[in-house]
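Read through the structure below, which is laid out as structure tokens, and then see the notes.
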Amino acid sequence: MRRYILFYVLFCLCCLQLFAGGKVFYRTAPCKLLQGITEREYTVYLPPSYDMEAERAYPVLYLLHGGNCSNTDWERYGGLSHLADSLIACGQMEEMVVVCPEANKDNMIWFNAPHWRYEDFFFQEFMPYIERTYRIKPGKAYRSVAGYSMGGGASVVYGVLHPDCFNVVYGMSSYLRSQPLEFLKDDPSAPWRQQLVDDYNPIRTIGAGSDTQVQAWKTVHWFIDCGDKDFTYDANIDLISTFRRQGIPYEFRVKGGGHDWNYWRPALRDALIYVSLQLKMSSDTK
């Protein structure tokens, strides 16, 4: 009888481990490149098997937030961990580490400004720190970036400027060029941020790309996702038109919706599934 009880207990423990969810942590990374900053916040999702398989390494997805938002928003409003756990449990998502950097505190921008070198920080400090702190598979094939609004625009720009770094770029409601937005009228930092958005405009950069650059951009899996009532719709259409002119493969989806979490929550689901599909396809071809 005791053997049966012991077997039952062990079986239950195994089931609990098998169906345990991933974990979300709110942490900080050291920082030297951002003026006056010694550490920077981020959110990290570790998949269900992370603590159970000590030797296993995982793909990584960097999730970028929108303007005047926070690294915590993907979990707080997007339901990141619950969604990822559900997709992993039903086999639609590969287990991966998901990292949400902070780019709003102090100065809201994902790019380099004279007084705020965020792009340098991201690629020279933050990304290397994450990928040596956690068990991340090395290389472009296992690294993706996605984001919404300004984070979507930054995802596209990062893919354009660093095509050797990312397997998938997934832009949701991407803010690709400056627009006269009512809520920016009383923001004293808006002019320089809007100028940076225009300086980094990926539509213009892709349109003027050399043959060598175009070939590099073709190595990225581009997915552009925008609502039919979104104020960024026209810019996203122009981005797709530029991809077409340059012969760059892409996925493009327009669904009903605007510039809000009612759109980004299901877009996050699509992004996690798409990144997983590309990971699986890459693995199958090896």
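All values below were derived from every heavy atom in this structure, side-chain atoms included, with hydrogens, water molecules and symmetry-related copies excluded.
- The 12-atom threshold is not exceeded at CG of Asp211, counting heavy atoms of other residues, nucleotides or ligands nearer than 6.0 Å.
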Which atom pairs, donor and acceptor, lie under 3.5 Å between side-chain atoms of residues 25-36 and protein residues at least two apart or in another chain?
unit_1	atom_1	unit_2	atom_2	d
Arg27	NH1	Tyr134	OH	3.0

request  = Kindly indicate, with the supporting measurements, whether the criterion side chain to side chain donor-acceptor pair (under 3.5 Å) is fulfilled by Asp260 and Tyr148.
outcome  = CA-CA 9 Å; Asp260 54 47; Tyr148 69 88; over 6 Å; no
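- Checking side-chain atoms of Asp85 against main-chain N and O of Gly22 turns up a donor-acceptor pair under 3.5 Å.
- The aromatic rings of Phe223 and Tyr170 lie parallel to each other, their planes meeting at an angle below 30°, with 60° marking the opposite boundary.
- Taking the six-membered ring for Trp and the full ring otherwise, Phe126 and Tyr129 have centroids separated by 6.0 Å or more.
- A side-chain contact (heavy atoms from CB on, under 4.5 Å) with Trp110 is found for one member of His65, Arg193, Glu119 and no other, namely His65.
- Checked against ring-ring contact (aromatic ring centres under 6.0 Å, His included), Trp222 has the following partners two or more places apart in sequence or in another chain: Phe243.
- Atom CE in Met127 sits 10.0 Å away from atom CD in Gln124 (nearest 0.5 Å).
- With hydrogens and angles left out, the side-chain atoms of Ser81 and Glu75 include a donor and acceptor closer than 3.5 Å.
- Each of Lys255, Arg265, Arg253 was checked for a salt bridge (Lys or Arg N to Asp or Glu O under 4.0 Å) with Asp270, and the lone residue meeting it is Lys255.
- Within 6.0 Å of OH in Tyr50 there are more than 12 heavy atoms belonging to other residues, nucleotides or ligands.
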Stepwise side chain to side chain donor-acceptor pair (under 3.5 Å) test for Thr72 and Ser70 = CA-CA 5 Å; Thr72 62; Ser70 166; 3.1 Å; yes
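- Enclosure of atom CZ in Arg244 is not indicated, since only 12 or fewer non-hydrogen atoms of other residues, nucleotides or ligands lie within 6.0 angstrom.
- Summarising the geometry, atom CG belonging to Asp225 is positioned 8.5 Å from atom OG belonging to Ser174; distances are rounded to the nearest 0.5 Å.
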